[in-house]
Every structure is written in C-alpha cells, then in structure tokens.
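Take a look at the structure below.
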Amino acid sequence: MNYLKYLFLLLLGAALPLSAQNVPGQLANAVERGISQTQLALERSVTVAKSVFRVYPQGKENIHALSGFVFKTVYNGKEEIFGVVATHGIPMNYYQNPQDSYITARMTVKGQRKDIPGKMVRVSSPMTLDMVLVKFNPEDEYLLTPLTLAEQEPEMGDKLQTIGFVHQELTFVPEKSLSKSTLISLRFPLGTTWRGVAGLCGSPVVNSSGEVVGMFTGTGEENSSLEHTGFATKSSYLHTLVAAYHNDPEKSTFPLMLGEHKIIDLHINDFISSIYLADEQGHRMLRQNVRNKFPYSTLMEQLPNARFITLNIYHNAPGIVYGPLETTLSDIYHVTYDLKEKTIIDGGMGMKLIPQ
C-alpha cells in the first residue's frame with residue numbers, strides 16, 4: 001500500500017507541468033533513504049495542495065486568478081478557520097469596502113471542483129503585509145483542509161516549499177533555502193528559471209513539517225544578478241489580522257522594530273514610502289524608497305552609524321499599488337526617531353525631514 005501511494009504521486013507528477021514535477025523527483029531520491037521519508041513528503045505535499053485554492057473576486061470567476069490557502073489558528077482559546085489571499089491581487093474597488101466584498105475560493109474537494117464563497121473581513125496594505133483575511137460560512141468549513149501556522153520562524157538555510165497556481169495550473173515550487181529574514185518577510189532565491197510565477201501570490205510557504213511560515217507575495221531582484229528572489233510575508237502577521245478581525249480595526253497595529261528599537265506601532269493598512277538615515281549633525285546618510293516589502297538588510301547595515309531615522313508613512317491608503325497613486329490619500333505622516341535617546345523627536349503630517 002505504501003508503494004501504491006508513491007506510484008500515485010509519480011502519476012500525479014506526470015500530469016503536472018514540468019515545474020511541478022520536481023516533487024516526485026525529490027521523492028524518488030527519498031526512497032533510497034527509506035519509504036517512511038517518502039510517506040511524510042507525500043502526506044505533506046498532498047495536505048498543502050488540498051488547502052490551496054484559486055481566488056476570484058465574486059462575480060469575476062472567469063478572469064485570471066491568484067492563489068489563496070486555508071489555515072487554522074486559536075484565538076482566546078477557540079480554534080478558528082480562515083482563508084488568506086494577497087491584497088495586490090484583489091481589484092481596488094473590492095478591498096476599499098471589504099465589508100461588502102466577497103471572493104470565490106475554487107478548490108478540489110474529494111476529487112471534484114468546488115466553489116466556496118468567502119468574505120474579506122480584514123485588509124492590510126498591498127505594500128506592506130499584503131494580506132487579506134477571508135472568513136468562510138460556518139456550514140462550508142467542513143469542506144476545508146486548513147494548514148497549521150508554525151510557532152517559530154525558520155532559520156537561515158531551512159528548506160521552504162510553495163504550492164500554488166501558476167498560470168492557473170497547480171504547481172510545486174521546489175524546496176528553496178531561506179536566505180534572508182526581514183522585519184516583514186522571508187526571502188529565498190528562485191533562480192533564473194522562476195520569473196514567470198503569475199498567480200502564485202497568496203500561496204502558502206511551508207517548512208519541512210508542512211507548517212505555514214509565510215504567504216508568497218511576489219518576486220524581485222535584490223542584486224545585479226539575474227537571479228530572482230521570492231518574498232513571503234511572515235505567517236505571524238496572520239495572528240495580527242485575526243486579532244484585528246475580533247477587535248477595532250482602527251486600533252489594529254503591529255510594532256515596527258529595527259533591531260532593539262521600537263520606532264512606532266504601524267497600522268495594518270499603513271505602509272512606509274521612504275526611509276532616511278542621518279548622522280549626529282543631521283546630514284543624510286541614506287535615502288531609500290521602500291519597495292519589495294521593506295528593504296531591511298541595507299537599512300540595518302547602516303543603522304549602527306546613524307543618529308536619526310525618519311519614516312514617511314501613508315495611512316489607510318488602499319489605492320496605493322505597485323504603480324502610480326490611484327486614489328486620494330487620507331493621511332500622510334512622518335516620524336523622526338532619535339536612535340541614541342530611543343525616542344520620537346518629531347512627527348506629524350507632511351513630508352518634513354529631520355532638522356538640518
């Protein structure tokens with residue numbers, strides 16, 4: 001029976017696109033180390049695949065779709081099931097009024113396609129957390145196969161895997177080693193052959209135990225090489241959105257930490273547009289526009305030599321996407337923090353920088 005399971009996976013791989021067939025190949029190597037490891041890999045991949053769905057804004061089921069997945073968590077001692085999708089994949093007019101916005105989750109249930117409605121209940125900025133929390137009807141939850149959120153972040157070199165829809169086909173991204181961990185995201189090299197991953201955003205990124213450590217949110221080039229880097233918002237921020245679902249969303253924040261410094265509590269729908277570092281005399285050392293889910297590494301390299309840091313922040317501006325501004329910003333504010341005194345010395349509306 002164990003070998004029949006393995007044979008099933010090989011047949012499954014033959015039906016998948018070439019990018020998806022890496023998993024059966026990896027499992028074939030695992031057979032040499034023992035059938036028990038093959039069973040674990042099989043069970044992990046199948047479980048993750050069952051949790052993944054193609055997400056459509058309701059009423060637009062024929063357009064190109066991104067990925068999403070189902071997870072479970074515990075809030076105030078009660079287990080709950082949610083879905084999550086990428087904010088940047090939802091049309092702006094949908095997530096501007098999430099209380100009236102629904103998505104269709106298209107998934108496979110017992111071998112058959114099933115469309116399950118879900119309501120968008122909390123939305124974070126597409127430029128920061130890039131997560132939309134989805135709640136399903138209680139009567140539909142028995143159809144879902146939720147994943148477990150990891151309790152600990154992965155360490156450098158840990159193997160991560162993603163399963164989602166690329167060009168509307170279920171695809172297994174081969175295991176990649178975690179190369180960087182920023183404030184917001186996990187990053188891992190995809191190589192030069194993984195440029196076309198349209199649709200993968202919103203898929204789960206899991207560790208070797210099949211636990212969710214992040215949600216895939218896009219790719220970018222972090223250096224002059226042709227190698228692409230995958231980004232995943234850390235799964236710990238799903239707890240932030242769940243808490244926001246149960247409480248006042250305007251009070252839903254998370255601490256913006258830079259090393260030992262807590263700069264500010266950032267709202268779930270805020271994002272930092274630019275960062276400035278300055279020395280003791282107020283001379284600018286670094287100006288960095290924020291792209292690719294917060295440029296933590298370069299900033300941290302220069303932080304020990306700086307005295308002041310200024311952040312320009314957009315608040316509650318869901319129309320900000322990866323291009324020009326698409327809507328009027330409700331608030332723009334700045335915060336200047338003294339790294340030596342560990343306190344905010346200036347803050348308010350406008351784009352004022354530190355005193356010269």
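Grouping the Ile, Leu, Val, Met, Phe, Trp and Tyr side chains by contacts below 4.5 angstrom, directly or via other members, places Leu144 apart from Val74.
For Gln112, the CD atom sits in a loose shell: 12 or fewer heavy atoms of surrounding residues, nucleotides or ligands are nearer than 6.0 Å. For Lys50, the NZ atom is loosely surrounded, since the number of other residues' heavy atoms within 6.0 Å does not exceed 12. Within 6.0 Å of atom CD in Glu79, more than 12 heavy atoms from other residues, nucleotides or ligands are found, so the atom counts as buried in its surroundings.
Salt-bridge check for Asp279 with Arg307: failed, with every basic side-chain N at 4.0 Å or more from each acidic carboxylate O.
Looking at Tyr245, Phe69, Phe136 one by one, the single match for ring-ring contact (aromatic ring centres under 6.0 Å, His included) with Phe82 turns out to be Tyr245.
His239 pairs by the ring pair (Phe, Tyr, Trp, His ring centres under 6.0 Å) definition with nothing, not counting sequence neighbours. In this structure Asp158 satisfies the salt bridge (charged side-chain N to carboxylate O under 4.0 Å, His left out) test with no other residue, sequence neighbours excluded. Residues passing the ring pair (Phe, Tyr, Trp, His ring centres under 6.0 Å) test with Phe254, sequence neighbours excluded: Tyr237. Applying the salt bridge (charged side-chain N to carboxylate O under 4.0 Å, His left out) test to Asp140 and every residue at least two apart in sequence or in another chain returns nothing. For Lys159, there are no salt bridge (charged side-chain N to carboxylate O under 4.0 Å, His left out) partners, not counting sequence neighbours.
Asn312 and Ser274 share a side-chain donor-acceptor pair at under 3.5 Å. Residues Arg187 and Ser185 have side chains that bring a donor and an acceptor to within less than 3.5 angstrom of each other. Residues Thr336 and Thr310 have side chains that bring a donor and an acceptor to within less than 3.5 angstrom of each other. Side chains of Thr162 and Lys176: no donor on one and acceptor on the other come within 3.5 Å.
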Quiz item: Between Thr240 and Ile268, does a side chain to side chain contact (heavy atoms under 4.5 Å, CB included) hold up when you go through it step by step?
Solution: CA-CA 8 Å; Thr240 303; Ile268 60 171; 3.8 Å; yes
Quiz prompt | Verdict with supporting geometry, Arg54 and Glu169, salt bridge (charged side-chain N to carboxylate O under 4.0 Å, His left out) | solution = CA-CA 10 Å; Arg54 290 170 61 189; Glu169 293 186 68; over 6 Å; no
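Taking both residues in full, the closest heavy atoms of Ile264 and Tyr333 are given as CD1-CE1, 3.9 Å, listed atom of the first, atom of the second, then distance.
Every pair tested for salt bridge (Lys or Arg N to Asp or Glu O under 4.0 Å) that includes a residue from residues 67-77 fails, sequence neighbours excluded, so the list is empty.
No side-chain donor-acceptor contact under 3.5 Å links His261 to the backbone of Ile263.
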